[in-house]
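Quick notes on the structure that follows.
Reckoned from all heavy atoms, side chains included, excluding hydrogens, waters and symmetry mates. Note that the structure is a prediction, hence the values are computed from the model and not measured.
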Amino acid sequence: MRIATWNVNSVRSRIDRVMGVLQRHDLDVLLLQETKARDDQFPALALEGSGYEFVNHGLNQWNGVGIISRVGLEDVQKGFSDMPSYGDPAVAEARALGATCGGVRVWSLYVPNGRELGHDHYHYKLDWLARLRDTAEGWLIEDRQAQIVLAGDWNIAPTDDDVWSVEYYADKTHTSEPERKAFEAVVDAGYTDLVRPYTPGPGVYTYWDYTQLAFPKKRGMRIDFLLGSPAVQERMKGASIDREERKGKGASDHAPVIIDLTD
DNA sequence: ATGGTAGCATAGCTA
């Protein structure tokens, strides 16, 4: 069983690349972030007859998370309990979407960016991650054997190996100690990085800024992760980052990250 | 010194 996560940066503008990624990696499940589409705007037509079904959770032109699956989409859940919100409470932010696909509980997550150290959005990010940790810890307390994958754009580079320049990010979000602690707290709750053992760093990234030729200059960050519960860890066969997908005209600024599980 | 690029509510915000 193959599961991937990808910050697609608009599913409508990149639906051809989405179909290509599904095919090229023979994916069973693709977790999308920044779909930038309301549920009624998701490009359903392109998936018709493909054997894949989808669900989207998007309420405005920003953010939005989606799941595409060919092994069914059961118990779909939009958001999790007591999720902190930011800004106008009427415009809820779609940052978490869960479903059970082929017996694995998958979550497509788009962690708040944080914007600037000390910004209201930064505190929202930390609160949001703490809430996620508590919720995800609860799932494992309820069932130690649960197969759970927490995947998406975490907007955190957990170690210095995960950024092209420690100095560049010293006064920016994504590498601060509170953010790294918040990420580690999810790991400590029982969810480990499924991909890193197969793609050791330093210099292994999943995101490169669109500006200033960041990709050809190899100036990236590793911020997209699939974390797995113990039962999923036991099924791991392999993992990869599809750096090729970042190349060429019309690429997302993020690369897909893929895990391969035993059947 | 506040650009550089890309996306969508095609104007100014978010990333």
Side-chain angles (χ1 to χ4, degrees), chain A residues 5-21 31-44 46 56-66 84-97 108-129 151-158 162-165 167-176 179 182-183 205-225 243-257:
Chain A
T5 185
W6 188 23
N7 181 324
V8 68
N9 186 21
S10 168
V11 70
R12 284 179 286 171
S13 71
R14 243 174 290 290
I15 187 60
D16 291 348
R17 280 183 177 258
V18 169
M19 299 311 291
V21 165
L31 307 168
L32 296 169
Q33 298 85 39
E34 288 201 73
T35 55
K36 294 189 175 178
R38 294 188 313 267
D39 296 357
D40 62 292
Q41 293 177 313
F42 201 93
N56 184 61
H57 183 27
L59 297 163
N60 57 29
Q61 73 274 37
W62 314 124
N63 311 330
V65 279
S85 66
Y86 175 82
D88 181 356
V91 185
E93 293 184 77
R95 299 186 176 277
L97 176 63
S108 180
L109 303 172
Y110 182 52
V111 174
N113 172 285
R115 299 186 187 173
E116 291 169 27
L117 297 178
H119 193 283
D120 283 352
H121 206 272
Y122 176 77
H123 297 294
Y124 161 56
K125 177 181 196 172
L126 297 176
D127 291 347
W128 195 94
L129 283 161
D153 178 354
W154 292 75
N155 273 314
I156 296 170
D162 301 327
V163 291
W164 66 273
S165 165
E167 295 72 30
Y168 179 81
Y169 286 105
D171 59 349
K172 297 179 177 64
T173 60
H174 292 55
T175 63
S176 74
E179 290 169 282
F183 182 89
Y205 307 131
T206 64
Y207 161 84
W208 300 261
D209 198 285
Y210 279 126
T211 69
Q212 298 181 297
L213 302 172
F215 184 65
K217 289 181 175 171
K218 304 186 191 307
R219 296 180 171 180
M221 307 177 89
R222 191 202 288 248
I223 56 175
D224 299 88
F225 299 95
R243 225 182 137 273
E244 291 298 305
E245 180 55 44
R246 181 61 180 81
K247 296 180 179 174
K249 197 172 162 62
S252 169
D253 44 359
H254 293 251
V257 185

Worksheet item: Which residue, A:R115 or A:S10, contacts DNA chain B at a nucleotide closer to its 5' end, judged by nearest heavy atom?
Response: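 Upstream on the strand: A:S10.
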Worksheet entry | Along DNA chain B (nearest heavy atom to each residue), the more 5'-positioned of A:T211 and A:Q61 |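 The residue closer to the strand's 5' end, by nearest nucleotide, is A:T211.
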Quick one: label [X] by what it contacts on the DNA or RNA (base, sugar-phosphate, nothing), any heavy atom closer than 4.0 Å.
{"X": "A:Y110", "result": "sugar-phosphate"}
{"X": "A:Q41", "result": "sugar-phosphate"}
{"X": "A:R38", "result": "nothing"}

Worksheet item: Would one find more than 12 heavy atoms of other residues, nucleotides or ligands at under 6.0 Å from atom NZ of A:K172?
Response: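 Yes, NZ of A:K172 has more than 12 neighbouring heavy atoms, counting only those of other groups under 6.0 Å.
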Discussion item. Taking the ring centre of each residue, are A:Y86 and A:H121 less than 6.0 Å apart?
Written reply: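 Between A:Y86 and A:H121, the centre distance is under 6.0 Å.
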Worksheet item: A:F215 pairs by ring-ring contact (aromatic ring centres under 6.0 Å, His included) with which of A:Y207, A:W208, A:Y205, A:W164?
Response: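 Exactly one candidate clears the test, A:W208.
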Using atom [atom1] of each nucleotide, how far apart are [N] and [M] to the nearest Å?
{"N": "B:dA6", "M": "B:dA11", "atom1": "C1'", "value": "15 Å"}
{"N": "B:dC13", "M": "B:dG3", "atom1": "P", "value": "13 Å"}
{"N": "B:dG4", "M": "B:dA15", "atom1": "C1'", "value": "13 Å"}
{"N": "B:dT10", "M": "B:dT14", "atom1": "C1'", "value": "15 Å"}

Worksheet item: Do A:V163 and A:Y168 touch side chain to side chain, with heavy atoms closer than 4.5 Å?
Response: no
Worksheet entry | A:D253 and A:D209, any side-chain heavy atoms less than 4.5 Å apart |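 Answer no - side chains too far apart.
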Practice prompt. Please report the C-alpha distance between A:L32 and A:V65 in whole Å, then the side-chain angles of each, then the deciding distance to 0.1 Å, and finally whether the side-chain contact (heavy atoms from CB on, under 4.5 Å) criterion is met.
Written response: CA-CA 6 Å; A:L32 296 169; A:V65 279; over 6 Å; no
Discussion item. Going 5' to 3' along DNA chain B, between which two nucleotides do contacts with chain A fall, using a heavy-atom cut-off of 4.0 Å?
Written reply: B:dG3 to B:dA15
